[in-house]
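Hydrogens, waters and symmetry mates play no part in the numbers below; they use all other heavy atoms, side chains included. In what follows, chains are A, B, ... by sequence order, proteins preceding strands, each numbered from 1.
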Amino acid sequence: DAGVIQSPRHEVTEMGQEVTLRCKPISGHNSLFWYRQTMMRGLELLIYFNNNVPIDDSGMPEDRFSAKMPNASFSTLKIQPSEPRDSAVYFCASSAAFGATQYFGPGTRLLVL
Amino acid sequence: QKEVEQNSGPLSVPEGAIASLNCTYSDRVSQSFFWYRQYSGKSPELIMSIYSNGDKEDGRFTAQLNKASQYVSLLIRDSQPSDSATYLCAAPLSTGANSKLTFGKGITLSVRP
């Protein structure tokens with residue numbers, strides 16, 4: 001079975017550029033989560049969706065970050081404009097239901113120069 | 001106090017020893033706890049969950065929950081070099097009508113052959 005799929009796996013961009021991260025959750029899973037991991041702050045939840053609807057975006061650092069889930073099999077996290085402090089590993093996770101075990105994707109390593 | 005704290009580490013133990021990983025939590029989190037393992041450069045994976053006071057055993061792993069003292073531990077018996085990883089403690093944090101999984105910063109375990 002395919003797990004959570006994320007693309008790209010690595011992204012290097014320059015400050016000010018737009019960055020779009022993509023996620024395909026496990027088929028049949030109803031909840032999707034976007035996390036950011038850095039050495040300083042650890043693993044932080046940015047936003048999560050339940051049945052494609054954003055439930056809690058209080059972890060989104062600022063207006064430069066936005067996330068969408070147009071259907072049950074696809075979600076994007078966009079940063080516009082990007083800044084060096086956005087450099088981190090961004091994980092997408094999905095679960096069969098809210099509160100159930102979360103399965104993480106391989107992550108996208110973002111470096112903003 | 002942060003909602004979920006892992007203050008000790010990194011931890012180094014010889015092969016075959018017992019590794020003890022600790023996590024404390026605040027009153028704000030719900031009474032269910034999860035231990036994730038994250039190998040270097042990989043994504044977190046769930047290895048144990050515990051909901052009730054006391055011990056829960058799964059192979060070489062034992063999770064211990066002490067609600068009175070507000071800590072949860074993970075014991076790894078007969079530690080193997082393959083156990084070398086970062087271990088993340090997580091618990092749901094209530095946010096009004098919803099909750100979100102909150103992670104500690106993790107403890108890095110190194111098992112010496």
Side-chain angles (χ1 to χ4, degrees), chain A residues 1-7 9-10 21 23-26 29-51 53-60 67 88-111, chain B residues 1-10 21-26 28-52 56 58 61 63 85-109:
Chain A
D1 290 341
V4 176
I5 298 172
Q6 291 187 248
S7 65
R9 295 292 304 276
H10 302 271
L21 311 181
C23 175
K24 177 178 169 56
I26 293 173
H29 279 193
N30 295 328
S31 297
L32 183 140
F33 308 82
W34 281 102
Y35 290 90
R36 177 174 67 177
Q37 187 173 41
T38 61
M39 288 293 292
M40 287 294 294
R41 300 177 66 89
L43 191 63
E44 301 174 286
L45 178 65
L46 300 177
I47 185 172
Y48 68 89
F49 296 82
N50 200 37
N51 293 320
V53 176
I55 302 300
D56 186 342
D57 65 354
S58 60
M60 297 285 261
V89 180
Y90 290 81
F91 288 104
C92 175
S94 71
S95 63
F98 187 73
T101 299
Q102 294 184 25
Y103 296 87
F104 283 75
T108 295
R109 293 183 178 275
L110 173 65
L111 177 62
Chain B
Q1 180 191 9
K2 292 186 177 179
E3 289 82 14
V4 177
E5 278 197 282
Q6 296 178 266
N7 289 326
S8 60
L21 311 171
N22 298 318
C23 173
T24 57
Y25 60 90
S26 74
R28 295 186 62 202
V29 302
S30 301
Q31 300 293 295
S32 53
F33 300 90
F34 306 89
W35 282 100
Y36 282 77
R37 178 177 61 198
Q38 186 175 22
Y39 291 114
S40 180
K42 302 296 185 182
S43 55
E45 59 176 333
L46 181 68
I47 56 172
M48 288 284 286
S49 58
I50 186 166
Y51 307 99
S52 304
K56 179 182 177 182
D58 183 1
F61 296 90
T86 296
Y87 291 81
L88 303 165
C89 174
L93 171 68
S94 296
T95 56
N98 300 297
S99 65
K100 59 183 182 182
L101 202 58
T102 299
F103 288 81
K105 285 193 174 181
I107 301 171
T108 298
L109 171 67

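- Within the 4.5 Å cutoff, no side-chain heavy atoms of B:E45 are placed close to those of A:F104.
- For the pair B:F103 and A:E44, the minimum side-chain heavy-atom distance is 4.5 Å or more.
- Two residues are said to be in side-chain contact when any heavy atoms from C-beta on lie closer than 4.5 Å; A:M39 and B:K105 fail this criterion.
- Contacts of A:Y35 with chain B are made by side-chain atoms alone, with heavy-atom separations under 4.5 Å and no backbone atom involved.
- A pairwise comparison of heavy atoms in B:Q38 and A:F91 identifies NE2-CZ, 3.6 Å as the closest pair.
- With hydrogens and angles ignored, the 3.5 Å screen pairs a side-chain donor or acceptor of B:S43 with a backbone N or O of A:G105.
- Note that CZ of B:F34 and OG1 of A:T101 are 7.0 Å apart. Values are rounded to the nearest 0.5 Å.
- Atoms CG and CD, from B:L88 and A:Q37 in turn, are 6.5 Å apart once rounded to the nearest 0.5 Å.
- Contacts between A:R41 and chain B at a heavy-atom distance below 4.5 Å involve the backbone alone (N, CA, C, O).
- Counting heavy-atom neighbours within 6.0 Å of A:Y103 OH, excluding the residue itself, gives a total of 12 or less.
- For the residue pair A:S58 and B:K100, the shortest heavy atom distance occurs at OG-NZ, 3.2 Å.
- With chain A as partner, the option from B:P44, B:A90, B:G104 having the largest number of non-hydrogen pairs under 4.5 angstrom is B:P44.
- With values rounded to the nearest 0.5 angstrom, B:L101 atom CG is found 9.5 Å from A:S95 atom OG.
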